[in-house]
S.K.: 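Provided herewith is a single structure, encoded as structure tokens, for subsequent inquiry.
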Amino acid sequence: MAHFVVIGAGQAGASLVAKLRNSGFDGEITLIGDEAVPPYQRPPLSKAYLLGDMALERLFLRPESFYADQNINLRTGVAVTRIDPVKREVHLDNEVIQYDQLALTTGSAARTLPASIGGALQGVYTVRSLADVDAMAAEFKSGKRALIVGGGYIGLEAAAVARKLGVEVTLVEMADRILQRVAAPETSDYFRTLHQSHGVNIIEGVGLDCLTGETRVSGAKLVDGTELEVDFVIVGVGIAPGIALAEAAGLEIDNGIAVDAQGRTSNENIWSAGDCASFEMRGARRRLESVQNAIDQAEAVAENMMGAGKTYTPKPWFWSDQYDVKLQIAGLNIGYDNIVARRDPNGAAVSFWYYKGETLLAVDAMNDPRNYMIGKRLIESGKSPAPSAIADPQTDMKALMKA
Ligand code: FAD
């Protein structure tokens, strides 16, 4: 009987094994994860779960019984230490598992600050795993002073939760503006204003020099000489793809584990999907760090492990929750040269439409699910309404989809 082994029991790994069974694979399946718990969703970690608004059980992607019912051998709390691609072996601490086909869904790890600038002091946290969030939750008490390093989505979401719980927040971003890596200045401005209106002290264009304290963090120095007193620190400075096993096994690495359009790595029996996998898209090797990509790519890989030969075509979308604002993003804004704003004259809804010339690339929609959905459908069907039509408040947006 064929044995398919999947390393990494996160979003992609869980989706992959479920899809294998769903597609009729009747061989042996082993899903191995180094975290102590069954696969869970990460987005609530910096949102409802951190706020204390979501029970632990609701984080899990499937009830634990699902894996036994589906005859999936779920191994939690065990790390794979090595892959032997010649002998087709996966090595754990005291065990060797033989595979016929292997998938790497090892995700990514939060980047940390070096110990030399205080990154290893107590009270300094990253937000990647359930264990990370459980460790920091007790810090989120009214009146405490938090420093958030990094103005990306995770840092901003943590800032919103902290403010809701009465924590004083300073957020420092080294780049000229928050969200610089991922969004247009218009979206940065929107979220800067939002956070400032909730009392966050946002400092942009200034890097962190170091964190200070004996064993526990108590202060921070910025490169412009500013000194801050802090009670705890959240570091949200990006992620590094989980390439270690693949690299040691001699697989091609290029901005992540390099896969082809089907999700196959440079070894014909090894596949990869999710945060760790990089693939050709719009002229470069890219990784998409999102739930949607993890699910869709993993499902495509599952079918391809069974010989389907399907090409994976990403349909990027992403979301973020901050205070009472829901941001939804459709498409990829890479290469945009023009932004068109559409504002609801009677409400708070606003959307920013990214164009390259006359081609619609992406939409950021704030509390605007209707225009998000319209934008998503337009992008997926390759339609590009004239930018002037989007900006015109008189335009019937639904009619654009029929044009
Ligand atoms: P992961 O879910 O990280 O799973 C990888 C698993 O592999 C991990 O459990 C890891 O411990 C395990 N592993 C690694 N190496 C080994 C090994 N050697 N042996 C055994 N196990 C191993 N995306 C959105 O689309 N919208 C959001 O709002 C959003 N919010 C987010 C908020 C937070 C706080 C975080 C951390 C992420 C968020 N994301 C969001 C991103 C999204 O969660 C990820 O893109 C998604 O989880 C990627 O899935 P994955 O399976 O590739 O990786």
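What you see below is based on every heavy atom in this structure, not just the backbone, and it leaves out hydrogens, waters and symmetry mates. Order of appearance sets the numbers: ligands from 1, and atoms from 1 within every ligand. Start at 1 with the first residue, then count along the sequence.
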S.K.: Regarding ligand 1, does V78 bring an N or O atom to under 3.5 Å of one of the ligand's N or O atoms?
M.R.: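 N/O-N/O distance under 3.5 Å: no.
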S.K.: Any idea which part of W319 is under 4.0 Å from ligand 1, heavy-atom wise: side chain, backbone, both or neither?
M.R.: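 Both backbone and side chain of W319 come within 4.0 Å of ligand 1.
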S.K.: To the nearest 0.5 Å, tell me how far N293 CG sits from F318 CZ.
M.R.: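 Result: 11.5 Å between the selected atoms.
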S.K.: Restricting to pairs with a member in residues 11-41, which pass ring pair (Phe, Tyr, Trp, His ring centres under 6.0 Å), not counting sequence neighbours?
M.R.: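 Pairs touching residues 11-41 that pass the test: F4-F25.
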S.K.: Would you say ligand 1 has an N or O under 3.5 Å from any N or O of S290?
M.R.: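 So ligand 1 has an N or O lying under 3.5 Å from an N or O of S290.
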S.K.: Atoms of ligand 1 less than 4.0 Å from A79 heavy atoms?
M.R.: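 With A79 as reference, the close atoms of ligand 1 come out as 19 (N), 20 (C).
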S.K.: Determine which pairs satisfy ring pair (Phe, Tyr, Trp, His ring centres under 6.0 Å) with at least one residue from residues 235-264, sequence neighbours left out, and list them in order.
M.R.: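 Qualifying pairs: none.
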S.K.: Polar-atom distance check: V291 versus ligand 1, any N or O pair below 3.5 Å?
M.R.: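 Yes, since at least one N or O of V291 sits under 3.5 Å from an N or O of ligand 1.
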S.K.: For ligand 1, note which part of I154 has a heavy atom under 4.0 Å away: side chain, backbone, both or neither.
M.R.: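 For I154, only side-chain atoms sit under 4.0 Å from ligand 1.
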S.K.: Rounded to the nearest 0.5 Å, how far does CD1 of I97 lie from CG of L92?
M.R.: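 These two atoms lie 4.5 Å from each other.
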S.K.: Any nitrogen or oxygen of R42 lying under 3.5 Å from a nitrogen or oxygen in ligand 1? Just yes or no.
M.R.: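 There is such a contact, yes.
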S.K.: Purely on distance, is any nitrogen or oxygen of W317 under 3.5 Å from one on ligand 1?
M.R.: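 For ligand 1, there is no N or O atom that lies under 3.5 Å from one belonging to W317.
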S.K.: Who's the nearest protein heavy-atom neighbour of atom 24 (C) of ligand 1, and how far?
M.R.: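 Among all protein heavy atoms, the one nearest atom 24 (C) of ligand 1 is F318 CE1, 3.2 Å.
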S.K.: Any side-chain donor-acceptor pair under 3.5 Å between E157 and S46?
M.R.: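 E157 vs S46: donor-acceptor pair found between side chains.
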S.K.: Would you call Q41 a ligand 1 contact, heavy-atom distance under 4.0 Å?
M.R.: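 In this structure, Q41 fails to qualify as a contact of ligand 1 - no heavy atom is under 4.0 Å.
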S.K.: At less than 4.0 angstrom from any non-hydrogen atom of V127, what atoms of ligand 1 do you find?
M.R.: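 Checking each atom against V127, I get 34 (C), 36 (C).
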S.K.: Looking only at distances, please establish whether an N/O atom of ligand 1 is found under 3.5 Å from an N/O atom of K47.
M.R.: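 Yes; the residue has a nitrogen or oxygen that sits under 3.5 Å from a nitrogen or oxygen of the ligand.
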